[in-house]
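The structure under discussion appears below in the form of structure tokens.
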Amino acid sequence: MVSPPHEAMHRIFQHDPGLFSRVSRFLGVDIPAPVKATALPTDLTETNPVERRVDTLLRLETADQGSFILAVEAQGQKHPDKPASWAYYTAYLWTKYRLPTALLVVCQDPATARWAQQPVSCGPPQLPTLTVQPLVAGPHNMPVITDPEEARADLVLASLAAITHAAEPDVDVILKALSTALRDAPEDVAKPLIEFTAQGLAKRPAKNLWRNLVAVDLSFYKSYLAEEVRAEVRKEVRAEVRQEVQAEVRREVQAEVRDEARTEGEARRAAADVLAVLAERGLPVSDAVRERIDGCDDPETLSRWLRRAVTASTAEEVVTGA
């Protein structure tokens, strides 16, 4: 299953194809800004049944250097099969479109980034034949944008900086700068960047900070992230209300139990008084009468029986007629 960070790391280039030119200066190359960009089909499958699909594929046209193909791959971890796939992608695209082909790999892990940028040849050492060495953007070379003004100058780059530094200590400061810069951005500009950033952070601790920043600073945006925050808050409120209701019910039940216990205690004492008066007067008490007196839990009835016990000639007269 494709993860949210994977999607964010390459789809942000679909959102703003000119981002590649702005990122290239951090990668040690100078790519001119495109004057036109076209999204191309990402399916590179041939007639054989093996499916090959690049993450994002763009045709970029520049004023000075003509057109070229840009394939963007998001790479979450080292994978021994990837260099061969990348070689296939570049060779296939070069053959299909007859245009220079560039490969950009976006990573969030420094170790994966170092692995991805190593040149890999398909031939033996003395016959390299085809060598793949993609450009790699990751936490090792993407800028740490902590100034809201700098973030405001290029919101998309600031979002990519947050995504590539998602696991780095600097990400909190980047997110705060980005959220501040997004306050003044139109909703159609800010909303997709909020989503890309949230996807890129995935389940990392920084995701909670981003959600809080969005909820506080950007609450007017109706995004799935805001809905996610609302859902969590609703869940917390429901739990609090449930606890309050349970506490109130507990207090009511405790009061009822105390009243019942008090009434039961009074009834036992009143029943004992009735039997004590009968015993003092020397009146015999049958098992049936004793059971009826002991089994009565109505204080008023027992009080009436107590008065009768003082003058009755038999124990049966005490309980006759209730």
Side-chain angles (χ1 to χ4, degrees), residues 1-5 166-167 172 175-176 179 187 191 194-195 197-199 201-322:
M1 177 180 291
V2 177
S3 65
D172 288 359
L175 292 176
K176 290 176 182 177
S179 68
E187 182 175 355
K191 185 175 180 179
I194 292 172
E195 307 301 347
T197 305
Q199 285 183 326
L201 297 172
K203 297 181 180 179
R204 291 182 171 88
K207 174 73 172 290
N208 294 327
L209 172 62
W210 183 240
R211 288 190 300 185
N212 291 336
L213 290 171
V214 170
V216 173
D217 296 338
L218 307 167
S219 57
F220 49 87
Y221 291 121
K222 302 297 183 182
S223 66
Y224 93 89
L225 187 62
E227 292 303 320
E228 186 177 315
V229 173
R230 291 189 185 94
E232 288 197 359
V233 171
R234 182 181 295 275
K235 184 178 179 180
E236 293 173 359
V237 171
R238 282 180 175 174
E240 293 174 358
V241 171
R242 186 180 296 109
Q243 291 176 353
E244 292 175 0
V245 171
Q246 289 175 340
E248 181 63 27
V249 172
R250 182 180 296 276
R251 287 191 292 270
E252 292 178 358
V253 171
Q254 287 175 338
E256 292 174 359
V257 171
R258 281 194 294 269
D259 291 342
E260 292 172 358
R262 187 180 300 111
T263 300
E264 184 179 347
E266 291 174 355
R268 283 198 295 269
R269 287 193 296 274
D273 290 342
V274 173
L275 293 173
V277 170
L278 293 175
E280 183 67 23
R281 295 187 58 209
L283 298 177
V285 179
S286 65
D287 291 341
V289 172
R290 183 179 301 277
E291 182 177 347
R292 187 171 180 187
I293 294 173
D294 283 335
C296 182
D297 59 2
D298 182 13
E300 292 185 3
T301 299
L302 289 167
S303 178
R304 186 165 58 254
W305 286 353
L306 179 61
R307 292 192 297 272
R308 290 180 185 176
V310 175
T311 59
S313 55
T314 64
E316 284 72 12
E317 287 183 23
V318 173
V319 297
T320 299

List the atom of [X], the atom of [Y], and the distance in Å for their closest heavy-atom pair.
| X | Y | value |
| --- | --- | --- |
| Pro299 | Glu266 | CG-OE1, 4.3 Å |
| Ala206 | Ala166 | CB-O, 4.4 Å |
| Ser313 | Leu283 | O-CD2, 3.2 Å |
| Trp210 | Leu201 | CB-CD1, 3.5 Å |
| Cys296 | Leu302 | O-CD1, 3.7 Å |
| Val277 | Ala309 | CG1-O, 3.6 Å |

Enter the distance from [X]:[atom1] to [Y]:[atom2] here, rounded to the nearest 0.5 Å.
| X | Y | atom1 | atom2 | result |
| --- | --- | --- | --- | --- |
| Leu209 | Ser179 | CG | OG | 7.5 Å |
| Ile293 | Leu306 | CD1 | CG | 10.0 Å |
| Asp172 | Leu213 | CG | CG | 8.5 Å |
| Arg211 | Leu175 | CZ | CG | 12.5 Å |
| Arg268 | Asp294 | CZ | CG | 11.0 Å |
| Thr197 | Lys207 | OG1 | NZ | 11.0 Å |

Arg290 side chain to Ser286 side chain, donor-acceptor N/O pair below 3.5 angstrom: no

Side-chain heavy-atom pair Val289, Val318 within 4.5 angstrom cut-off: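 Val289 does not reach Val318 side chain to side chain.
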
Val319 backbone acceptor or donor facing Arg292 side chain under 3.5 Å: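 Yes, the answer is positive, given that a donor and an acceptor are paired below the 3.5 Å cut-off.
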
Under 3.5 Å: donor-acceptor pair, side chain of Arg281, backbone of Ala312: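 Yes, because the side chain of Arg281 sits within donor-acceptor range (under 3.5 Å) of the backbone of Ala312.
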
Heavy atoms from other residues, nucleotides or ligands near CD of Gln254 exceed 12 (cutoff 6.0 Å): yes

Partners passing side-chain contact (heavy atoms from CB on, under 4.5 Å) against Glu248 (at least two apart in sequence or in another chain):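 Partners of Glu248 by the side-chain contact (heavy atoms from CB on, under 4.5 Å) criterion, ordered by chain and then number, come out as Arg251, Glu252.
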
